[in-house]
Amino acid sequence: MGAVFVVDKNGKPLMPTYSKPKVRRMLKDGRAEIFRHEPFTIQLTQRAGGYTQPVHYDTDSGYQYAGVSVKSEKHEFLHMQADMLEDEKGRYDDRRKYRCTRRNRLRHRPPRFDNRRKGEGWIAPSLAHRLENQVRLFQTMCGVCPITEAHIEVGRFDAQALDAVEKGLPLPEGIDYQHGPRYAFDTIREAVFARDQHTCQCCGASPSKKPGTILVVHHALYWKGDHTDRLPGLLTLCTNCHTSANHQKGGKLRGLAPNAATANKAPAAFMNVVRWMMRDRFQADGVPTTITYGAATKRERLSRNVAKTHANDAYCIGEFRPKHRSLEIHIAKRRRNDRRLEKFRDATYIDARDGSIKSGKELSSGRTKRKEPRHGAKDLRRFRLKQLTKGCNAVRRKRYEIRPDDLVRTTDGRVYTVNGTQNRGATLQLRTTKTVLLTALVPKTGKEKELLPVETGQKLALKGRKEKHEVLSVDLASGKAVMRWYMGVKPENVTLLTGTYGGWTVVPAQAVNTCKKGETEK
């Protein structure tokens with residue numbers, strides 16, 4: 001049973017209520033009006049002030065997940081888990097790229113250097129994003145509930161000790177903290193070259209064996225979203241291997257991981273950096289805030305035999321343990337805008353060498369520098385046998401209420417995931433599957449008179465249709481294949497299930513995430 005938050009006519013928070021019939025009558029009679037929908041709050045129109053009780057805001061502040069519990073001595077008003085966005089640094093890189101592209105279209109302007117310095121208190125974007133989200137959740141609850149005290153569960157980590165435990169080495173002591181992997185090297189570039197013995201880790205080239213070889217430092221885990229300058233995640237490569245083509249899907253650098261790569265210590269860095277900043281931000285709103293650690297929370301959770309979830313951890317923080325519990329709400333941070341208003345769709349061609357279908361980028365001139373010839377040895381355009389689809393630029397000119405990855409329910413009661421919109425929002429494209437006979441499929445190219453063996457991952461079309469769909473599974477015994485299918489419906493014929501929570505998305509109850517074994521949390 002969820003609580004309804006209440007504020008008086010002046011906007012001052014009052015105690016929440018559980019009487020839903022009373023709330024309906026007050027809204028119908030005009031004694032109250034809706035103040036906000038998420039969390040659902042009403043505002044009294046005839047009453048100012050009222051009696052309030054002590055209410056605590058307890059949060060289990062993690063790197064990727066955060067648990068929140070708002071409770072008094074007798075009632076728990078909110079029991080929630082919040083998931084943060086992933087790859088925040090990549091989103092900032094995209095924004096920087098689009099901004100530079102716009103500037104390149106303008107006339108030349110002299111550079112400015114008065115805005116290039118990082119201000120006091122600057123932290124990395126991935127950490128700032130998570131800090132700001134947790135502060136906004138706290139400020140939202142302070143605006144609708146009379147919070148009198150806050151408790152934050154944080155952690156304190158020793159990164160050097162974690163690396164030693166992971167590698168099976170003795171724990172560092174004393175001077176060991178000063179003799180790290182970069183000890184005796186002026187730059188991280190020198191440390192990487194010395195560790196790899198000035199040899200390319202992809203082809204084995206080195207300046208001593210092949211004079212003129214130029215070495216560079218490569219972020220080996222870029223394909224996993226790790227762009228940090230940690231020494232275990234860097235490799236030595238030569239300029240012949242470190243090319244843009246090798247970075248793409250199918251390139252020899254994608255999937256390449258160093259043998260000395262260790263677990264990502266971003267959660268540990270997050271706690272070490274923002275734990276005091278979070279406490280100061282909470283106290284800046286006039287709420288006394290204290291810090292607790294995971295050991296005390298775990299002891300309390302085990303003593304009460306409570307399941308391990310982030311929201312339950314938040315319930316076990318602080319002083320109050322109300323018997324009247326609230327149902328868990330699971331929300332996930334959602335991007336409000338997509339900065340890629342214009343998306344490029346590449347043309348597809350038949351490769352004359354093997355008859356496969358490839359994009360125009362794969363069969364391009366290979367020219368990356370102006371001094372390179374357009375018709376040199378890298379030119380693969382001569383293998384373009386036939387153009388199957390034309391390239392185009394898709395420009396988004398309007399925002400729609402129903403967006404990709406939303407959950408909708410159709411008139412027959414089935415739940416689907418939205419893939420996108422078509423015809424300027426007049427049609428929704430839903431993801432589903434379809435079982436078809438193998439004899440109903442057509443060959444991949446017109447040169448093939450017979451259908452080759454159908455395999456998982458192929459994109460084939462049905463007889464009489466042009467669009468192709470991906471094959472998910474094949475059953476040779478029954479002569480059938482399961483294909484990914486897209487179904488078109490009208491927006492007015494579906495019901496949106498994915499709700500918004502002030503910039504967040506409410507995750508369905510069956511998808512609530514719990515702490516997994518081995519998860520990097522406190």
Side-chain angles (χ1 to χ4, degrees), residues 200-205 218 220 222-224 237-257 343-369 371-394 419-420 431 433-486:
C200 176
Q201 301 301 300
C202 189
C203 66
H218 168 62
Y222 73 96
W223 48 277
K224 300 177 72 173
L237 295 180
C238 64
T239 53
N240 294 331
C241 298
H242 195 259
T243 61
S244 58
N246 288 336
H247 282 76
Q248 306 300 325
K249 292 183 179 179
K252 55 184 178 181
L253 298 184
R254 196 171 189 89
L256 178 65
K343 298 181 181 180
F344 173 70
R345 298 177 182 174
D346 203 352
T348 57
Y349 299 88
I350 297 178
D351 193 341
R353 295 170 293 182
D354 54 4
S356 60
I357 300 177
K358 294 185 179 180
S359 64
K361 184 177 182 180
E362 295 174 317
L363 298 178
S364 64
S365 63
R367 183 172 178 260
T368 57
K369 301 179 181 178
K371 63 180 181 181
E372 295 180 355
R374 293 183 179 271
H375 303 281
K378 298 181 180 180
D379 188 12
L380 301 179
R381 292 177 295 179
R382 59 181 182 274
F383 298 112
R384 294 179 178 180
L385 183 62
K386 179 182 178 181
Q387 186 180 27
L388 299 180
T389 60
K390 295 183 179 180
C392 64
N393 289 342
N419 186 66
R431 300 175 192 168
T433 58
K434 187 174 183 178
T435 303
V436 299
L437 296 175
L438 296 179
T439 55
L441 301 175
V442 298
K444 293 192 297 183
T445 63
K447 297 172 58 178
E448 302 170 358
K449 296 182 180 181
E450 297 181 359
L451 182 66
L452 296 178
V454 179
E455 299 177 355
T456 303
Q458 290 182 346
K459 289 187 177 181
L460 303 175
L462 296 179
K463 292 182 179 179
R465 297 195 179 186
K466 294 182 179 180
E467 63 274 6
K468 295 185 178 181
H469 303 272
E470 182 182 359
V471 179
L472 300 180
S473 62
V474 180
D475 187 2
L476 298 178
S478 61
K480 296 181 180 180
V482 178
M483 307 186 68
R484 186 181 301 280
W485 208 260
Y486 296 104

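All values derive from a computational prediction rather than experimental measurement.
For the atom pair CG of Asn419 and CZ of Arg431, the computed distance is 4.5 Å after rounding to the nearest 0.5 Å. In this structure, the separation between CD on Gln248 and OG1 on Thr243 is 9.0 Å, given to the nearest 0.5 Å. Rounding to the nearest 0.5 angstrom, the gap separating the OG atom in Ser359 from the CG atom in Leu388 is 11.5 Å. Taking CZ from Arg367 and NZ from Lys378, the interatomic distance works out to 11.0 Å, rounded to the nearest 0.5 Å. Expressed to the nearest 0.5 Å, how far OG1 of Thr348 lies from CD1 of Ile357 amounts to 6.5 Å. In this structure, Met483 CE and Leu441 CG are separated by 5.5 Å, a value rounded to the nearest 0.5 Å.
Around atom CZ of Arg374, no more than 12 heavy atoms belonging to other residues, nucleotides or ligands sit under 6.0 Å away. Residue-environment remark: CZ (Arg345) stays at or below the threshold of 12 foreign heavy atoms within 6.0 Å. The environment of Lys361 atom NZ is sparse: at most 12 non-hydrogen atoms of other residues, nucleotides or ligands sit within 6.0 angstrom.
The two residues Arg384 and Gly360 make their nearest non-hydrogen contact at NH2-O, 3.2 Å. His469 and Trp485 make their closest contact through CD2-CZ3, 3.4 Å (heavy atoms, listed as atom of the first residue, atom of the second, distance). In terms of heavy-atom proximity, Thr389 sits nearest to Asp346 at OG1-O, 4.4 Å. Contact record, Asp351 with Lys358: OD2-NZ, 3.1 Å, taken as the closest heavy-atom pair. Nearest heavy atom pair, residue Cys202 against residue Lys252, reads SG-CD, 3.7 Å. The two residues Val471 and Ala481 make their nearest non-hydrogen contact at CG1-CB, 4.4 Å.
By the 4.5 Å heavy-atom criterion applied to side chains, Leu460 and Lys468 are not counted as neighbours. Between Leu363 and Arg353 there is a side-chain heavy-atom pair separated by less than 4.5 Å. Under the 4.5 Å side-chain criterion, counting only non-hydrogen atoms from C-beta, Trp223 is not in contact with His247. With contacts defined as side-chain heavy-atom distances shorter than 4.5 Å, the pair Arg382/His375 does not qualify. Between Asp475 and Val482 the shortest side-chain heavy-atom distance does not fall below 4.5 Å.
The main-chain N or O of Cys241 is found under 3.5 Å from a side-chain atom of Asn246 such that the two form a donor-acceptor pair.
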